[in-house]
Chemist: 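I am attaching a structure below and will ask some questions about it afterwards.
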Amino acid sequence: QVQLVESGGGLVQAGGSLRLSCAASGRTYSLYAMGWFRQAPGKEREFVAAIGWSGSSTYYADSVKGRFTISRDNAKNTVYLQMNSLKPEDTAVYYCAAGGRPLSFDEYAYWGQGTQVTVSS
């Protein structure tokens, strides 16, 4: 069992930066791939970024590649999403999730409650 709590969301102007954190509890956290997903109003939830259990493999949606960076610190049971050059279209609720394999989205079994990111133009 893994519990996830996101933080770091907020309101930022276009071009700005935010860093999201996802704190995990549970002894098996380090064995899971971790992912960030987002859902904008009226849209389906979409994949943003994922990282393997060791942190050596990372994956990004095309829409955020080059602007966002996912990382994890297994000693702190925390995964991060550094978001730079934010755009208004990045506005969404951001969720972290724990799963079996980074790009096997149906294997993400544990989800946080989400944190709101709003980018003003």
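Keep in mind that this is a model prediction, so the values were computed, not measured. Position 1 is the first residue of the sequence, and the numbers go up from there.
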Chemist: Do L4 and F47 belong together in a cluster built from hydrophobic side chains that touch within less than 4.5 Å?
Modeler: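 Different clusters: L4 never reaches F47 through Ile, Leu, Val, Met, Phe, Trp or Tyr contacts under 4.5 Å.
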Chemist: Which distance, rounded to the nearest 0.5 Å, do you find between the SG of C96 and the OH of Y110?
Modeler: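 The OH atom of Y110 is 13.5 Å from SG of C96, to the nearest 0.5 Å.
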Chemist: Between K87 and D90, is there a side-chain N and carboxylate O pair less than 4.0 Å apart?
Modeler: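 The answer is no: the pair does not qualify as a salt bridge.
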Chemist: How long is the straight-line distance from CD of Q1 back to OG of S25, given to the nearest 0.5 Å?
Modeler: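 Separation between the atoms: 8.5 Å.
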Chemist: Are W111 and L20 connected in the hydrophobic side-chain network, where two residues link if heavy atoms are under 4.5 Å apart?
Modeler: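 No, W111 and L20 fall in different hydrophobic clusters.
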Chemist: Could you grab the distance from atom CZ of F105 to atom CZ of R45, nearest 0.5 Å is fine?
Modeler: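 So the CZ of F105 and the CZ of R45 are separated by 11.0 Å.
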Chemist: When you compare the side chains of S17 and N84, does any donor N or O come within less than 3.5 Å of an acceptor on the partner?
Modeler: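 Present: a donor and an acceptor within the cut-off.
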Chemist: Does S21 form a side chain to side chain contact (heavy atoms under 4.5 Å, CB included) with K76? I'd like the steps, not just the answer.
Modeler: CA-CA 11 Å; S21 298; K76 296 182 178 180; over 6 Å; no
Chemist: Is the NZ or CZ atom of R19 positioned over Y80's six-membered ring, under 6.0 angstrom from the centre and within 45° of the axis?
Modeler: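 Ring-cation test returns yes.
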Chemist: If we ignore hydrogens and angles and just use 3.5 Å, is the side chain of T91 paired with the main-chain N or O of V119 as donor and acceptor?
Modeler: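 The answer is yes, because a donor-acceptor pair under 3.5 Å joins these two groups.
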Chemist: Minimum heavy-atom separation for A40 and A92, please, with both atom names.
Modeler: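 Scanning both residues, the minimum pair turns out to be N-CB, 3.8 Å.
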Chemist: Drop me the distance from E89's CD to K43's NZ, to the nearest 0.5 angstrom.
Modeler: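 It comes to 8.5 Å.
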Chemist: For I51 and Y59: C-alpha separation, side-chain torsions, deciding distance, then whether side chain to side chain contact (heavy atoms under 4.5 Å, CB included) applies.
Modeler: CA-CA 6 Å; I51 188 167; Y59 310 87; over 6 Å; no
Chemist: So which of V117, V64, V93 actually passes side-chain contact (heavy atoms from CB on, under 4.5 Å) with R38?
Modeler: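 Only match with R38 under side-chain contact (heavy atoms from CB on, under 4.5 Å): V64.
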Chemist: Can you see which heavy atom on P102 is nearest to which on A33, and at what distance?
Modeler: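 Result for this residue pair: N-CB, 3.6 Å.
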Chemist: Are there more than 12 heavy atoms of other residues, nucleotides or ligands under 6.0 Å from atom CZ of R67?
Modeler: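 Correct, the count exceeds 12.
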Chemist: Distance-only, no hydrogens or angles: does the E6 side chain make a donor-acceptor pair with backbone N or O of G114 under 3.5 Å?
Modeler: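 A pair under 3.5 Å: yes.
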Chemist: Can W53 and L31 be said to form a side chain to side chain contact (heavy atoms under 4.5 Å, CB included), step by step?
Modeler: CA-CA 5 Å; W53 66 271; L31 300 179; 5.5 Å; no
Chemist: Assigning hydrophobic clusters by single linkage (Ile, Leu, Val, Met, Phe, Trp, Tyr; side-chain heavy-atom cutoff under 4.5 Å), is Y60 placed with L86?
Modeler: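 Shared cluster, yes.
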Chemist: Using a distance-only test with no angle check, is there a side-chain donor-acceptor pair under 3.5 angstrom linking Q13 and S120?
Modeler: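 Side chains of Q13 and S120: no pair found under 3.5 Å.
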Chemist: What's the verdict on side chain to side chain contact (heavy atoms under 4.5 Å, CB included) for L81 and F68, showing C-alpha distance, side-chain angles and the deciding distance?
Modeler: CA-CA 7 Å; L81 185 68; F68 290 11; 4.1 Å; yes
Chemist: Quick one: does S56's side chain have a donor or acceptor within less than 3.5 Å of a partner on S54's backbone?
Modeler: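 Pair absent, no side-chain N/O of S56 close to backbone of S54.
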Chemist: Measure the CE-CZ distance between M34 and R72 for me, rounded to the nearest 0.5 Å.
Modeler: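 Output value for this atom pair is 6.0 Å.
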Chemist: If you group Ile, Leu, Val, Met, Phe, Trp and Tyr by side-chain heavy-atom gaps below 4.5 Å, do V12 and M83 land in one group?
Modeler: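 Looking at the clustering, M83 is in the same group as V12.
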Chemist: Can you name the nearest heavy-atom pair linking A14 to P88, along with the distance?
Modeler: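 Scanning both residues completely, I find the closest heavy atoms to be CB-CD, 4.1 Å.
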Chemist: Considering all heavy atoms of both residues, which atom of A24 and which atom of V2 are nearest to each other, and what is their separation?
Modeler: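 Here A24 and V2 meet closest at CB-CG1, 4.2 Å.
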Chemist: Working to the nearest 0.5 Å, report the span between OG1 of T118 and CG of L18.
Modeler: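 Those atoms lie 9.5 Å apart.
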Chemist: Have a look at Y108 and tell me which of Y32, Y95, F37 forms a ring-ring contact (aromatic ring centres under 6.0 Å, His included) with it.
Modeler: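 Of the listed options, the one satisfying the test is F37.
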